[in-house]
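Structure record follows, encoded as C-alpha cells.
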Amino acid sequence: MSGPDMTPITVLVGSILPTSQGLPLVCILDKTPGNLARTCFWFELTSPDLTWEPQSTPPVDSNKGVCPRSHLFLRLHFALTSQCGPLRRAEDLLQEPCRQLAWCTSQLSTMAWGLPSTTSLARFCQKLNRLKPLEESTTETSLRRCLTTLDLTLMGMGATVGSGLYVLSGTVAKEMAGPAVLVSYSIAAVAFLLAALCYVEFGARVPRTGSAYLFTYVSMGELWAFLIGWNVLLEYLFGGAAVARASSSYLDAIFNHSIRNFTMAHVGIWQVPFLAQFPDFLAAGVILLASTFVSCGARVSSWLNHMLLAFNLLVILFIIILGFVLARPHNWSADEGGFAPFGFSGIMAGAATCFYAFLGFGVIAASSEEAQNPKRAVPMAIIITLSLVAGAYILVSTVLTLIVPWHSLDPDSALADAFYQRGYSWAAFIVAAGAICAMNTVLLSDIFTLPRIVYAMATDGLFFKVFAHVHPRTQVPVVGILVFGVLMAFLALLLDLQTLVQFRSISVLLTFTFVAISIIVLRFHKSPPASSLGPASPVGSEQASAPEPGQLRPALRPYLGFLGGYRPGAAVAWVLRVLVASAITLDCVLVFGGSALHLPPWGHTLLLLVSSVVFLLSLLVLGAHQQQRREDAFQVPMVPLTPALSILLNISLMLQLSYLTWLSLSICLLIGLLVYFGYGIWHSKENQRELPGLLA
C-alpha cells in the first residue's frame, strides 16, 4: 500500500480487512482472457466516496477467489454511503477485469441497495450444514475423567429405573393395554435396542460430551445439531420435572396425602390445560436439593447414585419374588377382561408411553468425556444397562397384573397399591420407599446430564458462552446446573405429570430418529485419513484402492449404472430423504389410515403398498452403495436395515401421542430456532474457523 503508515494485507477476492488506520481494503481478481499472471488490483476506501487506487500486484492463484465475491464488498460498502457517484466509477472499473462475467455489472445496483446475492445465500446455506470435524482430539477435556464401566452402568440403570417402573406400569395397564402391558414394554424395548445400537457406535467413535447433539453435528450439519441439542435439553428439563412430581406423589402417599390436601386447601384447585391441579412445592424442593448435590462434582453425585440404586435393585428383586408368590393367573382370564382388552392399538399406544420408561441410557453417552476409557466403557455400559432394565420392566409388569386385576390398579402408585390390596401393607411401604429412591436416582441423573449437553453446545459456540464455564474445584458446569435446576423446579411446580411424560417421550423419539439417520449418513460418508498413516503406508494404499464410501458397489455398477454418475454420497443423500418420507407415509397409513385419513379401502391398500415398496426399494439402493468399515470400534450391524427400522418404529410411536404434545414440541422448536439464528449461527466455533479461510 502507498503511504508509510499503511500495512499491506493480503486478502481473497471480495474479502475486506481493516488496516492499522481502520481503512478497509479489497482485492479484485483480474480474470481477463490471456492474463496468465492473474493480476490482483488493490483498492483503498479513504472517504465516503469510493476512491480506487491500483497498487503493486503479486501473482494470485486462480483458485483463491472469483469475481462474484467482490459483490460482497460492493454490497457492504455502498450501504455506508448515500452518494451515487462512486457506483459509476466502481462499475467502470469492474467492466474491464470482468469481461468473462458480463452479468457482474448488471447486479451492482441490486447489491448497492443491500439485497442478498445468490452467492451470499449459498454461503448462508453452507453455514447451516457445516459439520463438526471428526478428527478433533477426543482425549483432551476440562472435565475430570473418573468414571469406570461399572460407574457408567450404574448411572445408566439409575437414570432409567424410576417412574417408568413405579408409575407408568400401572397407568399403561389400567388405561391403555391391560395385562398386555408386558407386550408394550417389549415393543418399547425393541425400539430402544435399535436406538441403543446407534448410540453405541457413536459413543465408541465420538467419546465426547454432547450425546445425540454431537452425533448429529458430525454427520448432518450445524442447524440439525442445534435443534437436536435443544430438543435433548427440553427432554431432560421436562423429564426431570416429571420424575420429581412422581416422586412427590409417592412421598405424599406415605403421609396419607396430607401434603396434597394442605396445598389444595390453601391454594385451591386449578382447572387449566397442561397445568396440574395444584402447585407441587415438594417436587420443586426435591429438584433444588438434587441440583445442590450434583453441583458438588461427578464423584459425589455418582456415589449418591450408587447408594440409592443399590436399595432400588433390592426392592425390585423383592417385588418380583413376592409378586410371583402372590400371582393369580385368573387375573388374565376373559372374566377379568382378557389379556389385551384394548386390542393392538392399545398395546401400541402403551408402547409409545412405555418408551418413557427406558429413557436414561443417554446419560452414559453424555458422560463419555468423564469416562476413563470411553471407547470401551460406553458401549459396554449401554448394552448391559438396556438388557438388565428391559428384563426388570417385563418381569415387574407381569407380576403387577397377576397380583390384582388390571382394572383395580391405582395408576398413581400401582405397585404399592397392589400389595396393599392383597393385605401386605408392610410390603407396600417397602415398595413406596424403593420408588422414592429410584425416582430420586433418575432425577439426579437428569440433572447430571442436562448441564453437560448445554456445556457441549456452549463450548461449540451454539449456546451462550457462560454455560461453558467449569468450576475450577469441582470441575462441573456449575452455571448450567444452577440455571436449569431452577427452570426444572419451575416446570415441576406448575405442569401436569401426563403433560411432562408425553413431552419427554416425543422429544426422545425425535432424538432417536435423528441419531438413526446420522448413523446412515456417517456410514456412507468418507472418514478423514488417520494421522498415523503416512503416504507410503500399506494400509493407506489399500484404502486408496478400495471403493470410496458412498460410491456404488463395483459388482452392481453394470445393473445400476444410472446411479454411478453422481459424486460419492450424493445418491445416498437423496435416497435417504426418500426413505424417511416413505417411513412417515407408511406410519401415517398404519396409524391413521382407517380413521383420521378417511381413505376408502382401495385407497388405503394402494397407499400402504406404494409406501412399503418405496421404503424397501430405498433400503436396497442404500445397501447397493459402499459403506465405511472400521475395525477399531463397534459398528451397528445390518446397516441400513437396523437404523431404518429404528426410524420406522420411532415415527410410529410418535404418531401415537396427542396433537397437543405435537403442538408443544413445535412451539419449543420455534423458540430454539430464534436462539440459533439470533446467537448460535454467529458465535459458532465452526464459523470462527471459516474466518481465517478468507485470508490468503
Side-chain angles (χ1 to χ4, degrees), residues 150 153-174 179 181-182 184-186 188-189 243 246-256 286 303-332 354 356-358 360 384-406 408-445:
L150 179 62
T153 302
L154 294 178
M155 287 178 64
M157 294 185 64
T160 307
V161 182
S163 56
L165 181 72
Y166 291 97
V167 178
L168 286 187
S169 55
T171 302
V172 173
K174 184 170 185 177
V181 59
L182 67 94
S184 296
Y185 272 117
S186 301
V243 171
S247 176
S248 69
S249 297
Y250 261 92
L251 188 60
D252 189 33
I254 293 179
F255 297 100
N256 296 321
V286 168
W303 172 83
L304 184 60
N305 172 80
H306 294 354
M307 297 292 294
L308 295 175
L309 179 61
F311 181 75
N312 181 31
L313 293 178
L314 292 176
V315 172
I316 291 175
L317 287 175
F318 171 78
I319 293 172
I320 294 173
I321 295 172
L322 185 59
F324 276 113
V325 171
L326 301 176
R328 292 175 176 173
H330 178 74
N331 292 334
W332 287 8
C354 289
Y356 171 87
F358 289 89
I384 294 172
T385 297
L386 184 60
S387 302
L388 294 177
V389 168
Y393 280 167
I394 293 172
L395 289 174
V396 170
S397 62
T398 300
V399 302
L400 175 63
T401 53
L402 287 174
I403 296 174
V404 295
W406 61 269
S408 65
L409 291 171
D410 180 6
D412 292 331
S413 54
L415 285 169
D417 182 69
F419 286 107
Y420 184 81
Q421 289 186 42
R422 294 293 301 272
Y424 290 81
S425 56
W426 59 270
F429 181 82
I430 293 176
V431 171
I436 294 172
C437 290
M439 286 182 278
N440 281 296
T441 305
V442 174
L443 180 61
L444 282 171
S445 298

Please report, to 0.1 Å, the donor-acceptor pairs under 3.5 Å made by any side chain of residues 386-394, with sequence neighbours excluded.
{"unit_1": "S387", "atom_1": "OG", "unit_2": "I383", "atom_2": "O", "d": "2.9"}
{"unit_1": "Y393", "atom_1": "OH", "unit_2": "T160", "atom_2": "O", "d": "2.7"}
{"unit_1": "Y393", "atom_1": "OH", "unit_2": "A357", "atom_2": "O", "d": "2.6"}

message: Taking side-chain contact (heavy atoms from CB on, under 4.5 Å) as the definition, give me every residue that meets it alongside F324, ordered by chain and number, with sequence neighbours left out.
response: I320, L395, V399

Under the side chain to side chain donor-acceptor pair (under 3.5 Å) test, residues paired with D252 that sit two or more places apart: none

query: Which pair of heavy atoms, one from S408 and one from P405, lies closest together, and at what distance?
result: OG-O, 2.8 Å

Heavy-atom side-chain contact between L322 and F419 under 4.5 Å: yes

- prompt: Taking only residues two or more places apart in sequence or in another chain, which ones pass side chain to side chain donor-acceptor pair (under 3.5 Å) with Y185?
  reply: none

- request: Only pairs at least two apart or in different chains count here, so list each side-chain hydrogen bond (donor to acceptor under 3.5 Å, both in side chains) that has a residue in residues 424-433.
  value: none

Review item, side-chain donor-acceptor pairs of residues 432-441, under 3.5 Å, at least two apart:
{"unit_1": "N440", "atom_1": "ND2", "unit_2": "I436", "atom_2": "O", "d": "2.7"}
{"unit_1": "T441", "atom_1": "OG1", "unit_2": "C437", "atom_2": "O", "d": "2.7"}

- request: Applying side chain to side chain contact (heavy atoms under 4.5 Å, CB included), run through L251 and V286 and close with a yes or a no.
  value: CA-CA 11 Å; L251 188 60; V286 168; 5.5 Å; no

task: Could you tell me which non-hydrogen atom of L409 sits nearest to which non-hydrogen atom of A414, and how far apart they are?
output: CD2-O, 4.3 Å

field: Minimum-distance pair of heavy atoms, taken over all atoms of I403 and R328
entry: O-CD, 4.4 Å

query: Between atom CG of L415 and atom OG of S397, what is the distance when rounded to the nearest 0.5 Å?
result: 9.5 Å

message: I'd like to check the side chain to side chain donor-acceptor pair (under 3.5 Å) partners of N331; sequence neighbours left out, ordered by chain and number.
response: none

task: Could you list the residues that satisfy side chain to side chain donor-acceptor pair (under 3.5 Å) with T385, not counting sequence neighbours?
output: none

- prompt: Does L313 reach the side chain of L317, with side-chain heavy atoms less than 4.5 Å apart?
  reply: no

Contact check, side chains of Y166 and I319, non-hydrogen atoms, under 4.5 Å: yes

task: Spell out, as yes or no, whether a donor-acceptor pair under 3.5 Å connects the side chain of S247 to the backbone of V243.
output: no

- prompt: Which residues pass the side-chain contact (heavy atoms from CB on, under 4.5 Å) test with T171, sequence neighbours left out?
  reply: V167, E175, P411

